[in-house]
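Single-structure report; data block below.
By convention here, the first residue in the shown sequence is residue 1. Just so you know, ligand 1 is whichever comes first in the structure, and atom 1 is the first atom listed for that ligand.
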Amino acid sequence: MKNNMKNSMNQRFIRIAVLWFAAGIMLGIYMGISHQHIDKQVHVHGLLLGWVSCALFALVHTAWPRLQTLRSAAVHFWLHNLGLVMLLTGLVIERREATMAGPFLGIGSITLAVATVIFTWNVWRVTTMQNNDDLTMKEVSGKLHHAHFDLS
Ligand code: HEM
Ligand code: HEM
């Protein structure tokens with residue numbers, strides 16, 4: 001994390017979300033034009049886990065700014081997105097040459113599940129804290145500035 005909110009988690013999540021959105025829309029348009037729906041599951045999961053979920057993660061990190069001070073928020077970000085890339089890769093392969101798809105689908109799904117457990121744990125931790133809303137965005141920014149991730 002750097003000296004201001006540039007690399008804050010809500011910003012990272014909304015940036016990756018719009019990339020997933022653009023990619024999902026492009027694929028949807030291609031599917032519509034070509035009448036080739038072989039990758040429908042890629043379209044569905046790329047949009048719902050990429051665009052919809054990541055945009056929600058961005059909003060949740062904004063609504064509960066303490067989340068942004070957690071080191072594990074970054075772990076969640078990476079596991080979710082890498083897991084999703086693996087899941088989509090598995091779905092692409094599955095529809096063409098089934099033999100190699102298993103490991104991608106398996107590892108991708110488990111990675112997404114681990115990411116989900118971390119996110120769930122982070123939200124519970126932060127929302128259980130007393131005086132949750134006493135931490136302003138400015139204070140979060142200050143914490144990031146000092147690369148200090150403690151919740152004290
Ligand atoms: C320009 C925008 C879009 C286009 C052209 C498009 C196109 C398509 C096409 C061609 C299908 C396949 C339908 C089928 O095989 O039965 C589909 C399915 C689907 N799309 Fe999109 N899509 C777009 C945007 C979105 C967005 C933004 C989302 C979600 C946030 C979304 C979610 C879904 C879902 C859930 C399905 C599966 C529905 C089902 O099978 O009943 N799509 N889309
Ligand atoms: C690790 C996570 C996930 C895995 C492994 C997974 C896997 C699957 C599988 C195997 C199918 C059936 C595909 C088929 O009929 O060929 C499916 C369908 C579907 N999933 Fe997921 N899914 C996951 C997460 C999600 C999430 C989080 C959402 C929504 C936010 C979602 C929305 C859907 C929808 C809408 C369909 C139906 C698409 C259609 O119309 O065919 N999935 N998923």
Please verify the inter-ring angle class for His76 with His61; under 30° counts as parallel, over 60° as perpendicular, anything in between as tilted. parallel
Applying a 4.0 Å heavy-atom criterion (strictly less than), which segment of Ile29 is in contact with ligand 1: side chain, backbone, both, or neither? both
Looking at [atom], what's its closest protein heavy atom, distance included?
| atom | value |
| --- | --- |
| atom 3 (C) of ligand 2 | Leu87 CD2, 4.3 Å |
| atom 7 (C) of ligand 1 | Gly28 O, 3.4 Å |
| atom 5 (C) of ligand 2 | Ser109 OG, 3.3 Å |
| atom 30 (C) of ligand 2 | Leu48 CB, 3.6 Å |
| atom 9 (C) of ligand 1 | Met31 CE, 3.5 Å |
| atom 37 (C) of ligand 2 | Gln41 OE1, 4.5 Å |
| atom 43 (N) of ligand 2 | His45 NE2, 2.8 Å |
| atom 34 (C) of ligand 2 | Val44 CG1, 3.7 Å |

I'd like to know if the side chain of [X] reaches the main chain of [Y], judged simply by a donor and an acceptor atom lying under 3.5 Å from each other, with no hydrogens or angles considered.
| X | Y | result |
| --- | --- | --- |
| Gln68 | Met9 | yes |
| His45 | Gln41 | yes |
| Arg96 | Val92 | yes |
| Thr69 | Arg66 | yes |
| Thr111 | Leu79 | no |
| His43 | Met26 | no |

Quick one: does Arg95 get a heavy atom under 4.0 Å from ligand 2? yes
Given Lys40, His37, Met26, identify the one with the heavy atom nearest to atom 40 (O) of ligand 1. Lys40
Which option, Ile25, Leu47, Ile33, owns the non-hydrogen atom nearest atom 2 (C) of ligand 1? Ile25
Under 6.0 Å between ring centres, would you say that holds for Phe119 and His80? no
Testing the 3.5 Å rule here: is there a donor-acceptor pair between the side chains of Arg125 and Thr120? no
Which one holds for Leu105 and ligand 2: side chain close, backbone close, both close, or neither close, with close meaning a heavy atom under 4.0 Å? neither
How does Leu49 reach ligand 2, by side chain, by backbone, by both or by neither, if only non-hydrogen atoms under 4.0 Å count? side chain
I'd like to check which ligand 2 atoms, numbered from 1 as shown, lie under 4.0 Å from a non-hydrogen atom of Leu112. 1 (C)
Give the C-alpha distance, both sets of side-chain angles, the deciding distance and a yes or no for side-chain contact (heavy atoms from CB on, under 4.5 Å) between Trp64 and Thr127. CA-CA 8 Å; Trp64 286 273; Thr127 53; 3.6 Å; yes
Just give me the atom name: the N, O or S atom of His43 closest to atom 21 (Fe) of ligand 1. NE2
